[in-house]
Number of protein chains: 2
Amino acid sequence: MSDFKIKNMDDFASVSGISRPTISKYFNDADSVRKSTRERIEKALERYDYQPNFYAMNQNRRLTKNVGIVIPYMADPHFAEIARNVENHVIEAGYRPVVLGSQGNPEQEIENLNNLRLLKPAGVLLAPIGRMSDARRIADFCKDVPTVLFDANIEDVGEAFIGMNNNQSIGLIVEYLCRTGEPPAFFEMLTPSNPNALKRRNAYVNSMERLGHTPHLIQVEGEGWDFEEIGFREGSRVIADRMLSTDTVLCSNDRLAIGFLSAAYQHGLRVGLGPSCALRVAGHDDHPFSRYTCPTLTTVSQDYAAISARSAETLFTLIDTEQRASSREVTLYDGKLVMRGSA
Amino acid sequence: MSDFKIKNMDDFASVSGISRPTISKYFNDADSVRKSTRERIEKALERYDYQPNFYAMNQNRRLTKNVGIVIPYMADPHFAEIARNVENHVIEAGYRPVVLGSQGNPEQEIENLNNLRLLKPAGVLLAPIGRMSDARRIADFCKDVPTVLFDANIEDVGEAFIGMNNNQSIGLIVEYLCRTGEPPAFFEMLTPSNPNALKRRNAYVNSMERLGHTPHLIQVEGEGWDFEEIGFREGSRVIADRMLSTDTVLCSNDRLAIGFLSAAYQHGLRVGLGPSCALRVAGHDDHPFSRYTCPTLTTVSQDYAAISARSAETLFTLIDTEQRASSREVTLYDGKLVMRGSA
DNA sequence: ATTATATTTTTACGCGCGTATATATTTTGA
DNA sequence: TCAAAATATATACGCGCGTAAAAATATAAT
């Protein structure tokens with residue numbers, strides 16, 4: 001590697017002995033130049049440490065290879081894992097992922113989309129915050145940029161939605177819990193920010209009624225994204241006030257369940273299956289931490305792999321055909337029961 | 001808000017009746033224009049939805065208000081919390097934060113710095129991955145951009161380092177554990193990627209010897225960033241093989257401790273303080289999850305607030321004085337003992 | 001070898017904005 | 001009221017790169 005400092009494409013064109021437009025063409029698509037030219041460029045690339053300015057590149061390009069990935073919350077391991085998964089698909093398909101987290105803030109979500117717009121992305125994979133999302137402005141964005149929604153749906157927004165079948169997954173675990181013990185109560189936030197939570201609530205009620213049981217909703221107060229804290233605080237209250245009419249609790253998601261488990265432990269309630277246990281607790285999502293709780297958490301796993309693969313594929317098809325989907329396609333994947341120690 | 005679509009600064013200059021250079025000046029520093037002009041611009045801003053293209057803005061600016069924040073791992077709630085903290089300071093100081101995660105990958109870390117360079121940042125706050133970091137290239141970066149290191153130190157790299165005093169914090173908890181029960185064994189990874197881990201190991205050995213005890217290091221295999229998994233797997237092995245010569249285990253960090261706690265639970269070992277307990281487990285960092293483990297985790301808290309505040313302040317001073325620090329300043333903050341249920 | 005075709009080079013302009021300079025206009029101070 | 005100081009405008013060029021069109025060159029086909 002030479003020590004001559006190359007600061008832009010002109011410099012690199014000079015030292016490589018190739019014209020700048022051809023260099024530009026190469027970086028856009030390495031196979032669009034003659035093989036011998038390509039080799040000359042790549043030989044120069046080995047000697048000189050140059051890579052085009054990403055932002056200047058996108059400034060005047062009709063269409064880039066950028067794909068935006070927007071998730072509701074970076075610090076949530078659940079979303080972090082999904083993002084990583086999606087990111088890999090994007091890279092494999094030869095696109096460049098740009099991952100942004102909205103920190104549970106709808107304004108940040110819109111700003112993320114605005115920032116992405118400046119990068120002229122070929123498409124965007126968006127997991128919306130949910131109920132609080134600014135649906136109108138997201139819809140505006142989708143008019144300009146091919147966008148596939150995943151994880152959380154917003155009606156009629158985006159070209160497609162890929163998520164999980166909450167009806168099936170909740171049905172699955174409710175059925176399991178009823179079959180192996182007392183019918184579960186449903187522990188959830190009263191006003192959840194995530195639309196999946198509402199679907200799960202309904203699915204729980206339906207499943208219980210179908211099985212001939214009376215649904216019992218435990219709806220607790222709480223705002224924001226600190227679900228463990230809410231699960232712990234409200235779980236403690238529920239246990240202390242003896243508000244449980246059953247020994248089985250199904251939590252709307254694993255993070256609530258993690259907090260609830262901690263509350264149960266604090267109150268000396270042994271959680272698990274055996275006759276020595278006072279309580280069964282189940283979650284939903286198969287959160288990365290759910291295998292390290294005490295006891296380990298019985299839950300329903302989301303098919304991360306399928307959801308992220310299908311989301312990415314759908315977007316790439318959209319990009320390749322260069323036309324908007326005639327009808328908005330909704331794909332829901334079934335969950336799988338993950339039996340662990342807590343229920 | 002008018003529906004006329006403003007697509008660039010020229011458009012906005014037209015509709016606001018102000019020349020583009022003045023508009024540009026305003027966006028760079030709102031107070032650099034006459035008050036009456038400023039009001040006219042802001043009135044126009046209310047009517048028309050315009051904001052300058054962030055990337056084009058940075059392209060030809062001598063110095064921007066951007067501040068890069070780079071952390072080792074986005075999905076780790078510990079770093080996510082630090083990042084959020086630092087970010088707030090940056091915003092308060094009137095700078096624009098750009099947060100990037102390196103996903104534990106040294107190449108990604110360098111790429112993050114390269115990307116930041118294109119944004120012409122006023123400065124960068126960098127929490128390096130650690131041992132695996134490409135120290136040479138990071139040092140190169142620091143030559144061009146004022147950079148303050150935090151959380152993990154790299155010798156002589158960056159203008160300053162702000163972190164925690166591992167000597168003090170480990171000393172604190174070792175002393176506490178020895179005072180209230182058997183002296184602890186130290187559970188850690190054999191080849192940790194984080195330099196703090198090495199400091200903690202030494203601090204443990206020193207503390208033990210100072211108190212007249214024989215140090216007992218349990219060094220387990222494991223690569224990567226899945227600390228809970230390592231803590232669980234190796235913790236299980238250690239317990240099953242009866243490799244513990246004491247009933248007290250101090251883990252090098254909370255994430256390992258979380259895995260270890262889970263292993264202990266699985267093996268039917270009751271963790272905690274009372275006479276009915278078979279094991280005491282302590283961690284280090286006060287990870288956001290450590291208050292929800294079963295039992296809750298006794299640990300040493302990092303002074304997040306102080307570390308992030310000082311890191312930001314140090315960088316801003318550096319930026320304002322426009323000169324490099326004459327000597328590299330290292331500031332270490334003491335940890336606080338957080339007594340919970342596990343030890 | 002000659003023609004047809006594919007690729008590269010030259011030249012020029014565009015993206016959205018920063019910034020410098022000369023000039024025009026306001027505001028301020030006495 | 002009038003000159004001095006402060007601020008705004010017009011104009012022009014730069015950042016690093018995309019892209020279009022015509023001219024020049026290399027490769028393929030006959």
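Residue numbers start from 1 in every chain, and the chains themselves are labelled A, B, ... in the order their sequence lines are given, proteins ahead of strands. Please read these numbers as outputs of a predicted model, since none were measured by experiment.
Proximity of a side-chain donor or acceptor of A:Asn66 to a complementary backbone N or O of A:Ala122 within less than 3.5 Å is not detected. Judged by distance alone, the side chain of A:Thr314 and the main-chain N or O of A:Ala312 form no donor-acceptor pair under 3.5 Å. Side chain of A:Asn58 to backbone of A:Thr64: no donor-acceptor contact under 3.5 angstrom is found.
Heavy-atom distances under 4.0 Å link DNA chain C to no residue of residues 110-119 of chain A. Interface residues of residues 55-62 of chain A facing DNA chain C, ordered by number: A:Gln59, A:Asn60; criterion, heavy-atom separation under 4.0 Å. For the segment residues 23-41 of chain A, the set of residues with a heavy atom within less than 4.0 Å of an atom of DNA chain C comprises A:Val33, A:Arg34, A:Thr37, in numerical order.
Remark: A:Asp140 engages A:Arg136, A:Lys143 in a salt bridge (charged side-chain N to carboxylate O under 4.0 Å, His left out) (not counting sequence neighbours). Qualifying ring pair (Phe, Tyr, Trp, His ring centres under 6.0 Å) partners for A:Tyr333, counting only residues two or more places apart in sequence or in other chains: none. By the ring pair (Phe, Tyr, Trp, His ring centres under 6.0 Å) test, A:Tyr304 pairs with A:His78, sequence neighbours left out. Take B:Arg96 and apply the salt bridge (charged side-chain N to carboxylate O under 4.0 Å, His left out) test, not counting sequence neighbours, and it matches A:Glu111. Applying the ring pair (Phe, Tyr, Trp, His ring centres under 6.0 Å) criterion to B:Tyr95, with sequence neighbours excluded, gives B:Phe316.
Here chain A contacts DNA chain C (any atom closer than 4.0 Å to a heavy atom, that is under 4.0 Å), and the contacts span C:dT7 to C:dG16 from 5' to 3'.
Listed by first and then second residue, the side chain to side chain donor-acceptor pair (under 3.5 Å) pairs involving residues 115-134 of chain A are A:Glu109-A:Ser133, A:Arg117-A:Asp144 (not counting sequence neighbours). Within the structure, the ring-ring contact (aromatic ring centres under 6.0 Å, His included) test picks out the following pairs touching residues 23-42 of chain A (sequence neighbours left out): A:Phe27-A:Tyr50.
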N/O donor-acceptor pairs under 3.5 Å from side chains in residues 79-89 of chain A, not counting sequence neighbours:
| from | atom 1 | to | atom 2 | distance (Å) |
| --- | --- | --- | --- | --- |
| A:Asn85 | OD1 | A:Ser308 | OG | 3.3 |
| A:Asn88 | ND2 | A:Arg84 | O | 3.4 |

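The residue A:Tyr50 sits close only to the backbone: its heavy atoms come under 4.0 Å of sugar-phosphate atoms, none of a base.
Defined by atom type and a distance below 3.5 Å, a donor-acceptor pair is present between the side-chain atoms of B:Thr22 and B:Ser19.
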